Amino acid sequence: MQWQRIATSRDLAAGGVLGVEIGDLEIVLWRSSSGELRACDARCPHQWAHLGAVGAVDGEELVCLSHFWRFDSSGAGSKLAMNGRRDEKSPITTHPVRERDGGIEILIAGED
Ligand code: FES
């Protein structure tokens with residue numbers, strides 16, 4: 001495994017979402033409202049919507065706008081009910097990500 005540079009830090013402001021491809025892998029980068037950088041699989045585990053197209057940041061979570069499942073920084077999935085109840089949903093796979101020298105780098109398991 002080694003870190004791969006996949007974007008520049010300028011590509012992703014706080015609250016931003018960016019879809020990237022690494023070979024056959026579809027990844028989405030997102031930056032929370034507080035500026036934390038995150039990376040996860042791009043396909044929503046519910047009905048496979050591409051989060052690079054229908055993902056939106058809400059505070060410290062990434063929300064799939066297709067049916068409003070949301071994912072936190074650990075990948076845990078949930079959905080907020082109208083009454084404020086939070087129901088657990090399937091998680092999404094996350095990937096280690098970091099910033100170095102103005103670039104965004106990702107570590108993909110199984111990649112050399
Ligand atoms: S496809 Fe993402 S919540 Fe349904």
Side-chain angles (χ1 to χ4, degrees):
M1 282 193 296
Q2 79 182 51
W3 292 94
Q4 296 181 48
R5 185 174 175 129
I6 54 172
T8 67
S9 296
R10 284 192 314 262
D11 294 334
L12 198 59
V17 178
L18 179 66
V20 297
E21 293 183 4
I22 305 171
D24 294 338
L25 290 175
E26 296 175 306
I27 302 292
V28 75
L29 300 171
W30 58 284
R31 200 183 292 276
S32 73
S33 296
S34 68
E36 293 295 320
L37 179 63
R38 307 291 182 204
C40 61
D41 285 353
R43 294 293 174 172
C44 178
H46 181 219
Q47 290 185 357
W48 223 239
H50 197 295
L51 294 167
V54 298
V57 172
D58 180 25
E60 302 304 302
E61 296 179 312
L62 179 64
V63 179
C64 177
L65 297 179
S66 289
H67 310 97
F68 302 103
W69 285 24
R70 48 182 59 232
F71 306 96
D72 69 14
S73 62
S74 72
S78 64
K79 185 173 183 178
L80 290 176
M82 292 293 286
N83 63 6
R85 187 185 71 229
R86 185 180 284 264
D87 296 323
E88 184 177 342
K89 298 295 181 184
S90 299
I92 199 165
T93 299
T94 61
H95 304 283
V97 64
R98 69 182 186 186
E99 292 183 283
R100 290 285 188 279
D101 302 323
I104 295 174
E105 298 177 346
I106 191 168
L107 192 63
I108 300 292
E111 294 281 309
D112 290 327

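We count ligands from 1, going down the list as the structure has it; atoms in each ligand are counted the same way. Everything quoted here is computed from the prediction, not taken from an experiment. Scope of the values below: all heavy atoms of this structure, side chains included, with no hydrogens, waters or symmetry mates.
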Participant: Using a strict cut-off of less than 4.0 Å between a Lys/Arg side-chain nitrogen and an Asp/Glu carboxylate oxygen, indicate whether Arg100 and Glu105 qualify as a salt bridge.
Facilitator: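 Judged by the 4.0 Å cut-off on N to carboxylate O distance, Arg100 and Glu105 do not form a salt bridge.
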Participant: Quick one: pull up CD1 in Ile6 and CG in Leu29 and give me the separation to the nearest 0.5 Å.
Facilitator: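 Answer rounded to 0.5 Å: 4.0 Å.
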Participant: Got a donor-acceptor contact below 3.5 angstrom from the Glu60 side chain to the Ser34 backbone?
Facilitator: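 Yes: the side chain of Glu60 pairs with the backbone of Ser34.
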Participant: side-chain contact (heavy atoms from CB on, under 4.5 Å) between Ile27 and Cys40: does it pass, once the steps are laid out?
Facilitator: CA-CA 6 Å; Ile27 302 292; Cys40 61; over 6 Å; no
Participant: Is the charged tip of Arg98 near the ring of Trp3: under 6.0 Å from the six-membered ring centre and within 45° of its axis?
Facilitator: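 Pair Arg98/Trp3 counts as cation-pi.
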Participant: Of all the heavy-atom pairs spanning Trp69 and Lys79, show the shortest one and how long it is.
Facilitator: CD1-CD, 4.0 Å
Participant: Suppose the cut-off is 2.8 Å; which protein N/O/S atoms would you list for atom 2 (Fe) of ligand 1?
Facilitator: Cys44 SG, Cys64 SG
